[in-house]
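Below you'll find the structure, written out as C-alpha cells, and then a few comments.
Note that ligands are numbered from 1 as they come in the structure, with each ligand's atoms numbered from 1 the same way.
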Amino acid sequence: MILYFSGTGNSLAIARKIAEPLGEQVISMYDALTADLSGEKRIGLVFPTYWLDAPLAVKALIPRIVFPKDAYTFVVITCGAQTNNAVWTVRRLLKRQGVNVDYCHKIRVPDTSALAFGRNPNDQAWKFGKFAGRQDTIVADLAAGKHQLHFAGFDPLGWLLNAGSLAKKSYRLTTPVVNTDRCIGCNTCVRVCPQENIVLSDSKAHIGDNCTLCLGCVHFCPHQAVEVGNRPTHKDYQYHHPQIKLKDLLLR
Ligand SMILES: Cc1cc2nc3c(=O)[nH]c(=O)nc-3n(C[C@H](O)[C@H](O)[C@H](O)COP(=O)(O)O)c2cc1C
C-alpha cells in the first residue's frame, strides 16, 4: 500500500508510477486515517518537500495513521532540488510509533513554489526526462526489498527554517492570498484544498489558518485569483503534473 500527499500532482504521479509495477494500491494519507493497514506487508509514503522539510499536513497526519510495525516501510520524496529534513522528520515520527524506515530516496521534479519567487515551474519540465531513471532504480530496489537510506540525515538549516518565529516568516513567503477582485467564487480552490481550509463567503474564497502551503489553490484557480509571494498569478506559471488532473487530486 502506498500513501501519498500531493498538492499539484507530482507526488501522486510518482506514487502511481511506483505502485503499478509493484502491484500496490495507492491511497491518500487522509484516507489512510481510516484504512486498516494491519495486513500490509509493504507500506510506502510518497510526498513533497516544502520548506526544507515534510509538509505540515504530513507531519500532522503521520502520528494519526496506525501503521503496521512489521511491514517493509519506504519513503519517496519529490522535490525541486533537495529534501533536506523531510526524511529525517518522517523517520522520527514513525519511530515514535515503533516503525523503522527500511528504504528512502528522492526524485527531482518541477518546483511548484517557483512562481512565488518569479520563476515558471513549467520551465523545469526537463527534470522529468533527466530523473526518469531514478524511478526505475527505486522500483527495482523496492522489488528487491533493499535496505538503504538516501538523503535521510539531519539538516540544521531545515530545522531552523521550520522552528518558531523563523518558520512563520518563511512560510509567509509561500502562503496563498485571495485576490478578491479576480475571485468569482467558482469553488475550485475550495474543492482542491486537501486541508478543507478554504471556504466561500459572499461568493469569494477565504483561506483559513490551516494551510499546508501545497499551492494547489494557486495553481488550479481558473481565474488566477489566488496569489503567492506578492505577485499576480500568471496563467503560464500555473503548473500541475502533466499526467494528473484536478479530479485526480480531489479527496472528496
Ligand atoms: C511551499 C513550497 C515549498 C517548497 N520547498 C522546497 C524545498 O525546500 N526544496 C525543494 O527541493 N523543493 C521544494 N518545493 C518543491 C516541491 O517539493 C516539489 O515541487 C514537489 O514535487 C511538489 O509536489 P506535489 O505536486 O505533489 O505537491 C517546495 C514547494 C512548495 C509549494
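Selection from Tyr4, Trp51, Phe47 by nearest heavy atom to atom 5 (N) of ligand 1 gives Trp51. Nearest to atom 29 (C) of ligand 1 by heavy atom, out of Ser113, Gly216, Gly229, Cys79, is Ser113. Of the listed options Gly80, Ala15, Pro194, Gly80 places a heavy atom closest to atom 12 (N) of ligand 1. Among Pro48, Pro55, Pro110, Ala86, the residue whose heavy atom lies nearest to atom 19 (O) of ligand 1 is Pro110.
Within a 6.0 Å sphere centred on CZ of Arg42, heavy atoms belonging to other residues, nucleotides or ligands number more than 12. The 12-atom threshold is not exceeded at CD of Glu20, counting heavy atoms of other residues, nucleotides or ligands nearer than 6.0 Å.
Short contacts between ligand 1 and Asn10, defined as distances under 4.0 Å to a heavy atom of the residue, involve ligand atoms 19 (O), 20 (C), 21 (O), 22 (C), 23 (O), 24 (P), 25 (O), 26 (O). Remark: ligand 1 atoms within the under-4.0 Å shell around heavy atoms of Leu215 are 31 (C). Close approach of ligand 1 to Gly7 (heavy-atom distance below 4.0 Å) involves ligand atoms 24 (P), 26 (O), 27 (O). Atoms of ligand 1 found under 4.0 Å from any heavy atom of Leu213, numbered from 1 in the order shown, are 1 (C), 31 (C). Near Leu52, the atoms of ligand 1 lying under 4.0 angstrom from a non-hydrogen atom of the residue are 7 (C), 8 (O). Remark: ligand 1 atoms within the under-4.0 Å shell around heavy atoms of Thr78 are 17 (O), 20 (C), 21 (O), 23 (O). Close approach of ligand 1 to Val109 (heavy-atom distance below 4.0 Å) involves ligand atoms 21 (O). Within the listing of ligand 1, atoms 23 (O), 24 (P), 26 (O) sit less than 4.0 angstrom from a heavy atom of Ser11.
Grouping the Ile, Leu, Val, Met, Phe, Trp and Tyr side chains by contacts below 4.5 angstrom, directly or via other members, places Val66 apart from Val90. The same ILVMFWY cluster, assembled from side-chain heavy atoms under 4.5 Å apart, contains both Tyr30 and Leu93.
The nearest protein atom to atom 11 (O) of ligand 1, hydrogens excluded, is given as Ala81 N, 2.7 Å; this is a heavy-atom distance. Summary of contacts: the protein heavy atom closest to atom 9 (N) of ligand 1 is Gln82 O, 3.3 Å. Of the protein's non-hydrogen atoms, Asp111 OD1, 3.1 Å is the one closest to atom 15 (C) of ligand 1.
Ring geometry for His240 against Phe220 counts as parallel: the plane angle stays under 30°, on a 0 to 90° scale with 60° as the upper cut.
Proximity of Thr49 to ligand 1, defined as any heavy-atom pair under 4.0 Å, is shared by backbone and side chain alike.
Closest of all the heavy-atom pairs between Val178 and Ala205 is CG2-O, 3.5 Å.
Side chains of Val26 and Tyr4 form a contact here, defined as non-hydrogen atoms less than 4.5 Å apart.
The distance criterion of under 3.5 Å between nitrogen or oxygen atoms is not met by Cys214 with respect to ligand 1. Taking any N or O of Thr8, backbone or side chain, at least one lies under 3.5 Å from an N or O belonging to ligand 1.
Within the model, atoms OG1 of Thr175 and CG of Leu215 stand 8.5 Å from one another, a figure rounded to the nearest 0.5 Å.
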Which pairs of donor and acceptor atoms, one on a side chain in residues 245-252, lie under 3.5 Å apart (sequence neighbours left out)?
unit_1 : atom_1 : unit_2 : atom_2 : d
Lys245 : NZ     : Pro242 : O      : 3.1
Asp248 : OD2    : Lys245 : N      : 2.7
Arg252 : NE     : Glu196 : OE2    : 3.2
Arg252 : NH2    : Cys193 : O      : 2.7

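There is a side-chain donor-acceptor pair under 3.5 Å between Thr89 and Asp53.
You'll find the ring centres of Tyr72 and His147 inside the 6.0 Å limit.
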